Trainee: 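One structure, as structure tokens, below. Some questions next.
Just so it is clear, the model here is predicted, and its values are computed rather than measured. Residue numbers start from 1 in every chain, and the chains themselves are labelled A, B, ... in the order their sequence lines are given, proteins ahead of strands.
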Protein chains: 2
Amino acid sequence: MANLANTNDDERVDEVEPHSLHEKVYLQLRTAISSGKFASGETVTIRGLAELLGTSPMPVREAVRRLVQDRSLEMLPNRTMRVPPMSQARFDELADVRANVEGYAAFRAAERISDRNFAAIRSINDRMGVAIREGDVPGVISTNREFHFAIYSAADSDVLLSVIENLWQQSGPYLAALLHALSNAPNALPTVGFGHHFELIVALDARDAEVSRKAMMDDILTAAQWYRQNVLFDTDVEGKKTELKDAVR
Amino acid sequence: MANLANTNDDERVDEVEPHSLHEKVYLQLRTAISSGKFASGETVTIRGLAELLGTSPMPVREAVRRLVQDRSLEMLPNRTMRVPPMSQARFDELADVRANVEGYAAFRAAERISDRNFAAIRSINDRMGVAIREGDVPGVISTNREFHFAIYSAADSDVLLSVIENLWQQSGPYLAALLHALSNAPNALPTVGFGHHFELIVALDARDAEVSRKAMMDDILTAAQWYRQNVLFDTDVEGKKTELKDAVR
DNA sequence: CAAACCAATTTGTGATCACAAATGAGATCG
DNA sequence: CGATCTCATTTGTGATCACAAATTGGTTTG
């Protein structure tokens, strides 16, 4: 019964890493867009991105198709693609929808979260506290993301989670601008960063769904409020080609 | 100043119709999936669909990529694609998320709707009443969709609207099953169909956002409840190749 | 000097070919 | 007779070519 020819595979390295090139390209472009490596309103071309990433146009074509699908890219009628321009109206829409959807996710999470997961969330928040004290802005942004998505995962709904991931992706360029703004205003870090995290933790600990929803909404809306007051919507349409080539493989 | 060589274009027929083949294929497959033309869990191949639609695999490849992106298709790790199998859990998730998101859309709509748009919504509901009295099940389904999306459009948020469209797309196969079930239970048509439409209309007329939200949530949740009680989740995994070729062009 | 024309380039798009991985059926072995 | 191996087929994937539409830059014209 033991033939060790084809069953034993020692290589389980590629468990998580994407295998197909278009997947890799998609992930690269996705993080590039959501981290602000492309200017708002900047136009891109398939061949251009392909050369930038050192691949043929083929994988880029498929990746771009997906990015357009989740509104990370925009396809204008006249055969040109661009990063959706940031605007006050779009920002407001995203903030409001996020507050509602992610508030609901917090609601669900409070109903279902395990003690173990709750402890993990509390510990993420502690790490975020360290980042705030050290003025580590990128650290704050990333732990904040961890914190939020730990809660959303606890809501235990694939459908809901994918909706939220899509909303965050669309908010990516705004987040990048927020990061930049916070670097120049370190004293705002605790307010904007922590937001209503403590209320959220207390509510989750008490498994109080309605209060959790409220805390999550407040967290999102107050951050958006600060953003509106301190980050201007510059209509940067061109320039900023930015580096990206990294390493496709 | 008047050179009539290239500026006068009398043909504005293709205003709304898609120009690219992959767009056409995408729309075809999308409606095919959401109208239940593919069985739940049925596996599909790029080349297979291409032959079915009479095109090369190329446009199908791009269309399928988009369908996977919005979860209308599922990509299994082992290089096979399938229609996401219907399940009780997935249905519950979709119903709950829909109730929350679309409830919020009704909330926003109540705050912003114009008299003109409200009149249009009321008239759509009247047409739906006719369809119900005549026992026209497909008519009920389609006017119901019109009714809901007229409200969601009044919410005036592209971000929100696209999220909702995505949720409806994912619910497509369930809706198809609902249609089939209702055809055998015509007496349930008024209850399931109209649901809480009248309360919704009254609330919208009064511009009462909170009551509108509640009515929309009730409408969705009671329909889901009826579905759970009367439609069984048959695990039909194969067969049912179904016609589709229609006309790509 | 500015507006209009024109040609060369760039663009998305569709089709086809090549290839490696996965599948499935047929043969072989125990 | 059942499990295993093997080989032909099918599959997604990447690259390349061809083409029409659109853009762009240069030139010409008034």
Side-chain angles (χ1 to χ4, degrees), chain A residues 1-9 11-15 17-29 42-69 73-82 237-238 241 248-249, chain B residues 1-9 11-15 17-29 42-69 73-82 237-238 241 248-249:
Chain A
M1 68 145 45
N3 86 330
L4 29 79
N6 52 359
T7 334
N8 67 335
D9 45 343
E11 17 74 317
R12 61 197 54 193
V13 203
D14 49 8
E15 284 278 335
E17 73 157 288
H19 21 288
S20 49
L21 234 186
H22 74 254
E23 181 77 26
K24 233 173 286 185
V25 170
Y26 170 74
L27 291 175
Q28 281 213 341
L29 292 179
E42 179 175 351
T43 72
V44 296
T45 66
I46 292 182
R47 285 178 173 88
L49 294 175
E51 192 178 8
L52 204 62
L53 297 171
T55 73
S56 93
M58 199 66 241
V60 178
R61 200 200 292 199
E62 311 187 36
V64 151
R65 204 67 69 199
R66 294 170 62 186
L67 292 167
V68 169
Q69 193 65 16
L73 282 180
E74 220 175 30
M75 193 95 197
L76 274 60
N78 51 336
R79 207 181 239 190
T80 57
M81 287 177 321
R82 66 172 183 187
V237 184
E238 75 298 284
K241 259 301 168 42
V248 180
R249 163 48 135 181
Chain B
M1 65 139 54
N3 83 330
L4 29 79
N6 50 0
T7 334
N8 68 335
D9 46 344
E11 17 73 316
R12 60 198 53 191
V13 202
D14 50 9
E15 284 280 333
E17 72 155 289
H19 20 288
S20 50
L21 233 186
H22 74 255
E23 180 77 27
K24 235 172 285 185
V25 170
Y26 170 73
L27 292 175
Q28 281 214 339
L29 291 180
E42 178 174 350
T43 72
V44 296
T45 66
I46 292 182
R47 285 178 172 88
L49 294 174
E51 192 178 7
L52 205 61
L53 297 171
T55 74
S56 94
M58 200 65 243
V60 177
R61 201 200 290 201
E62 311 186 37
V64 151
R65 205 67 70 199
R66 294 170 62 186
L67 291 167
V68 170
Q69 193 65 17
L73 282 181
E74 221 175 29
M75 193 95 197
L76 274 61
N78 51 336
R79 207 181 240 192
T80 56
M81 289 176 320
R82 66 172 182 186
V237 184
E238 75 298 285
K241 259 301 168 44
V248 180
R249 209 267 221 277

Trainee: Can you work out whether A:Pro59 or A:Thr80 has the more 5'-proximal nearest nucleotide on DNA chain D?
Mentor: A:Pro59
Trainee: For A:Leu21 and C:dA20, give me the distance from atom CG to atom P, rounded to whole Å.
Mentor: 15 Å
Trainee: Check the distance between C:dT11's P and A:Leu76's CG and give it to me in whole angstrom.
Mentor: 15 Å
Trainee: From D:dG12, D:dG14, D:dT16, pick the nucleotide closest to the side chain of A:Pro57?
Mentor: D:dT16
Trainee: On the side chain of A:Arg79, is there an atom forming a donor-acceptor pair with the base of D:dA22 - under 3.5 Å, no angle test?
Mentor: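 When only heavy-atom distances are counted, A:Arg79 does not reach the base of D:dA22 through any donor-acceptor pair under 3.5 Å.
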Trainee: Check whether any side-chain N or O of A:Ser20 sits under 3.5 Å from a backbone N or O of A:His22 as a donor-acceptor pair, and report yes or no.
Mentor: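 Side chain of A:Ser20 to backbone of A:His22, a donor-acceptor pair under 3.5 Å: no, none is there.
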Trainee: Would you mind reading off the distance between A:Glu51 atom CD and C:dT10 atom C1', rounded to a whole angstrom?
Mentor: 13 Å
Trainee: Kindly point out which of C:dG12, D:dT16, C:dA15 is positioned nearest to the side chain of A:Thr45?
Mentor: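 Ranking C:dG12, D:dT16, C:dA15 by closest atom to the A:Thr45 side chain puts C:dG12 first.
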Trainee: Can you give me the closest heavy-atom contact between A:Thr45 and A:Gly48, atom names plus distance?
Mentor: OG1-N, 2.9 Å
Trainee: Could you state the atom-to-atom distance from CE of B:Met58 to P of D:dA15 in whole Å?
Mentor: 12 Å
Trainee: Quick one: A:Met81 CE to C:dT10 C1', roughly how many Å, whole number?
Mentor: 13 Å
Trainee: So which nucleotide from C:dG14, C:dG12, D:dT13 ends up closest to the side chain of B:Ser20?
Mentor: C:dG14
Trainee: Answer yes or no: does a side-chain N or O of A:Arg65 lie under 4.0 Å from OP1 or OP2 of C:dG12?
Mentor: no
Trainee: What nucleotide among C:dT13, D:dT11, D:dA15 has an atom nearest to a side-chain atom of A:Arg47?
Mentor: C:dT13
Trainee: Within the structure provided, determine whether B:Met81 and B:Leu76 are in side-chain contact (heavy-atom separation under 4.5 Å).
Mentor: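 No; the side chains remain at least 4.5 Å from each other.
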Trainee: Shortest non-hydrogen contact from A:Val60 to A:Ser56?
Mentor: CG2-O, 4.0 Å
Trainee: Nearest whole Å is fine: how far is D:dT13 P from A:Glu23 CD?
Mentor: 9 Å
Trainee: Less than 3.5 Å between a donor and an acceptor, one on the side chain of B:Arg61 and one on the base of D:dG14, is that the case here?
Mentor: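 Checked by distance alone, the answer is yes.
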Trainee: Expressed as a whole number of angstroms, how long is the span from A:Ile46:CD1 to D:dA15:P?
Mentor: 14 Å
Trainee: To the side chain of B:His22, which of D:dT11, C:dT13, C:dA22 is closest?
Mentor: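 Given the options D:dT11, C:dT13, C:dA22, the side chain of B:His22 is closest to C:dT13.
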Trainee: For A:Arg82 and C:dG12, what is the distance between atoms CZ and P respectively, to the nearest whole Å?
Mentor: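 Going from CZ in A:Arg82 over to P in C:dG12 covers 15 Å.
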Trainee: Would you tell me if any nitrogen or oxygen in the side chain of B:Asn78 comes within less than 4.0 Å of OP1 or OP2 on C:dT23?
Mentor: yes
Trainee: Do B:Arg61 and A:Glu62 meet the salt-bridge criterion of a basic N to acidic O distance under 4.0 Å?
Mentor: yes
